[in-house]
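Per chain, numbering begins at 1; letters A, B, ... match sequence-line order.
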Amino acid sequence: MTIDLFEPAEPAAAQRYVDVALPLPVRRAFTYALPSELASRVALGSRVAVPFSSRKLPGIVTRIDTTPAEGVSPRPIAGVLEDEPLFDPELLALLVEAADYYLHPIGEVLRAAAPALRAEAVRALRASGFLESATELPGARVATRSVLVVRLVPDAERPARLGPRQRQLLALLESRGEVTLEELADHLKEPRAIVRSLEQKGLVHTESREITADPFFRDPVASDAPPEPTSAQRAAIDALVGALRASQPATFLLHGVTGSGKTEVYLRAIAEARAQRKGALLLVPEIALTPQLVGRFRARFGDSIAVLHSALTEKERAVAWRALRSGAVTLAIGARSAIFAPVRDLGIIVVDEEHDPSYKQEEGFRYQARDLAILRAHRAGAVCVLGSATPSLESWSLAREGRHRLLTLDARPGARALPPVEIVDLARHAKGPSGDRRISAPLHRAIEQTLAAGDQAVLFLNRRGFSPSLRCEACGELETCPACSVPLTEHRRAGLVRCHYCDYAAPIGTTCRACGQPALEPLGLGTEKLEEVLAHTFAPARVARLDRDTATGASIEDVLDRVRRREIDLLVGTQMVTKGHDLPGVTLVGVILADQSLAFPDFRAAERTFQLLTQVAGRAGRGERPGRVIVQTYQPHHFAIRAAAKHDFLGFAESELEDRRELGYSPYGRLVAVRIDHGDPDRARAAAELIVAHARAHELSKSGRVEVLGPAPAPIERLRGRWRFRLMLRARERPPLRRVAQSVIARIDEGVLGARASVDVDPVSML
DNA sequence: AGCACGCCGACT
DNA sequence: GTCGGCGTGCTC
């Protein structure tokens, strides 16, 4: 290094500062000085390393050229962890706004959205003594797996003389595009030598690539020819293509009955976005993310798709993330959290089954992915498509107001009629031959006929366990959870009573905790008992059960595969049986007790019941043979059940909206004000913000649902030595106000809100 | 989250 | 007299 003493010193450049979000439970970023030697490598969205108290942490730059707040003396950024910014400004803005809206610490939100650091970045940091040995960075050590991918060299001249196995390999490549060496081993013995010789001839090209043993890409998929759309599909496709070509952001509600071909509409719209070299994002409910669904997209668009799912390792997730970020892959498919996938030049976001409750993250960073999809698409100037056979009433009323454009698909291609639904009034029908009144005579007969015809049946019961509660015949008390006071469910096979609210479990006792008498009797029917009764009554029929107790993750598909292979005649299950792919042998669907979801203490109970019945009914008759649905209920005249039986969404939606109006609700709920009084303004604010955070994600507690109206946090006012905080909330529950108040107070009592505040809740006005 | 500071109970 | 409980506050 040389120093020229005669050169005048450079004028000192003004010190620059940036805000960095750190992975801490703190809802703001911290200001750091930007050393001039790092300035060229730091931009919005960059991942940097910073000193923080006695530690060093990785963080994301959320603002550049900020001014430090008064009284703080920023420390300098210590290093840059990656050369390229992790987030583009648009996605960063979305994440910042989501963190802000749902009142969650920005650093934690960004950490959750970001991929793991590259191993070499971690090593370099550690070598420079920057990271303490104890510092865990996500995914710092994940095994990588690389695979040899073989592709045809385009337009290569073929020598006349080729071995039969060489020709076989070339033919395979022609139909498949590209193949991994491992896959070739399934078709030819010792493929390595053949590939090597073809590579020497310049006919194929090999490339080492990091790839996963991903279940979504395990099986090869033949490419498909797009089917000719029906006229209804054509109209929807034209509307979406038109919006994509106009480059105007627009949100569409695609209302299409089960089997009406919504997926084909998504495929065509996404194809148009791809033709415009724009990115696409498809969100599906957690449970619907299956290899079959992904297969349809692979068949149309090839394997260059990022499938984001929870089984990915940190390494796999980072690979998928970087492929999207770089623009090498332009289509992402995933559940809720995929809304934060770094898709470039977003042209379209599709939210399939937009009414599905799994779009709502219930824990930690509470957010509604469907709402964020609308926001993200709007920001990106992209088209957003919300698809459902049974739209949420929020989306439906927005469509009615003209805020979303409504597209309707009413015909089932191939004119498979929706199955007829029979309502069985449990109060009027004698119990069937099984002796259990929950298997009525009509249902019993229908099951017999189904089995006799060699068909399969699905029996839906939304209650896990053997019996939902135990009652003491001596004193009449129910066995309840010591922590939650919720009735304990008997899980006979596990030998446990279990609380479905907090997961408390204890061995099944014989004596009543209240009076000590040995008189506990099971009350009610769960899937475990139903399975037993069916196996006994319809022996030798093969009965299986699918619920959270029997199935975890991949085994859901395993059970459904067994049904497809006809190894099971009767399938008992909870919600889980309503989703997933076709079960063509199922001709009968029985809903054991529709009242169950109707009795839920939630203002959306009727809506959920309609959705559930519609979905479960859609499972019948998807194959060659016509389907049939039996719904058992004690409320045969309830409008949600009757509308579901008639496949009448419009009728249901109008009745439900009218019902909510009459009860003083808006389409989304009802207005209340929550007032928090506390001696300490910061604690009052903290309590209020927590309530807002819960409310924004539509879940204050299991029993009280509210959402926030207007800007929050509202100003604090001082009143007689107390600090008063007022929130405007819209309760989403029936009956709402007492429950909302109770759950807010309960949370404060639990210390969850971190303040000993007093709260009152009063109605303000109707919308 | 981690870490320091701080003010009240049982101990070498 | 000190060790340590975790309540409260702060970290750029």
Identify the pairs formed between an N or O of the protein and an N or O of nucleotides 3-6 of chain B at a distance under 3.5 Å, and give each distance.
none

Inset, instruction - Give A:Val26 one of three labels, base, sugar-phosphate or nothing, depending on what nucleic acid heavy atoms sit under 4.0 Å from its own. - result: base
Inset, instruction - With heavy atoms under 4.0 Å as the rule, sort A:Pro74 into base, sugar-phosphate or nothing. - result: sugar-phosphate
Inset, instruction - Assess whether atom CZ of A:Arg63 is packed by more than 12 heavy atoms of other residues, nucleotides or ligands within 6.0 Å. - result: no
Inset, instruction - Can you tell me the distance, in whole Å, between the CD atom of A:Glu108 and the P atom of B:dG2? - result: 11 Å
Legend entry - Interatomic distance, A:His104 NE2 vs B:dA1 C1' [rounded to whole Å]: 12 Å
Inset, instruction - For A:Phe52, check ring-ring contact (aromatic ring centres under 6.0 Å, His included) against everything at least two apart and list the hits. - result: A:Phe30
Legend entry - Side chains of A:Leu312 and A:Val307 in contact at under 4.5 Å (non-hydrogen atoms): no
Inset, instruction - Rounded to the nearest 0.5 Å, what's the gap from CZ on A:Arg28 to CG on A:Asp19? Could you check? - result: 10.0 Å
Legend entry - Whole angstrom value for the distance that separates C1' of C:dC12 from CD1 of A:Ile106: 16 Å
Please set out all donor-acceptor pairs under 3.5 angstrom arising from side-chain atoms of residues 336-343 of chain A, sequence neighbours excluded.
{"unit_1": "A:Arg336", "atom_1": "NH1", "unit_2": "A:Glu286", "atom_2": "OE2", "d": "3.4"}
{"unit_1": "A:Arg336", "atom_1": "NH1", "unit_2": "A:Ser358", "atom_2": "O", "d": "2.8"}
{"unit_1": "A:Arg336", "atom_1": "NH1", "unit_2": "A:Lys360", "atom_2": "O", "d": "3.3"}
{"unit_1": "A:Arg336", "atom_1": "NH2", "unit_2": "A:Glu286", "atom_2": "OE2", "d": "3.3"}

Legend entry - Nucleotide C:dC10, atom C1' - distance to CZ of A:Arg75 in whole Å: 13 Å
Inset, instruction - Please state how far atom CZ in A:Phe52 lies from atom C1' in B:dG2, giving the value in whole angstrom units. - result: 9 Å
Inset, instruction - Would you kindly give the CZ-to-P distance between A:Phe30 and C:dC10, to the nearest whole Å? - result: 12 Å
Inset, instruction - Find the distance between CG (A:Leu386) and CD1 (A:Ile374) and round it off to the nearest 0.5 Å. - result: 5.0 Å
Inset, instruction - Provide, to the nearest angstrom, the distance between the CG atom belonging to A:Leu22 and the C1' atom belonging to B:dG2. - result: 13 Å
Legend entry - Rounded distance in Å - CZ (A:Arg28) to P (B:dA1): 15 Å
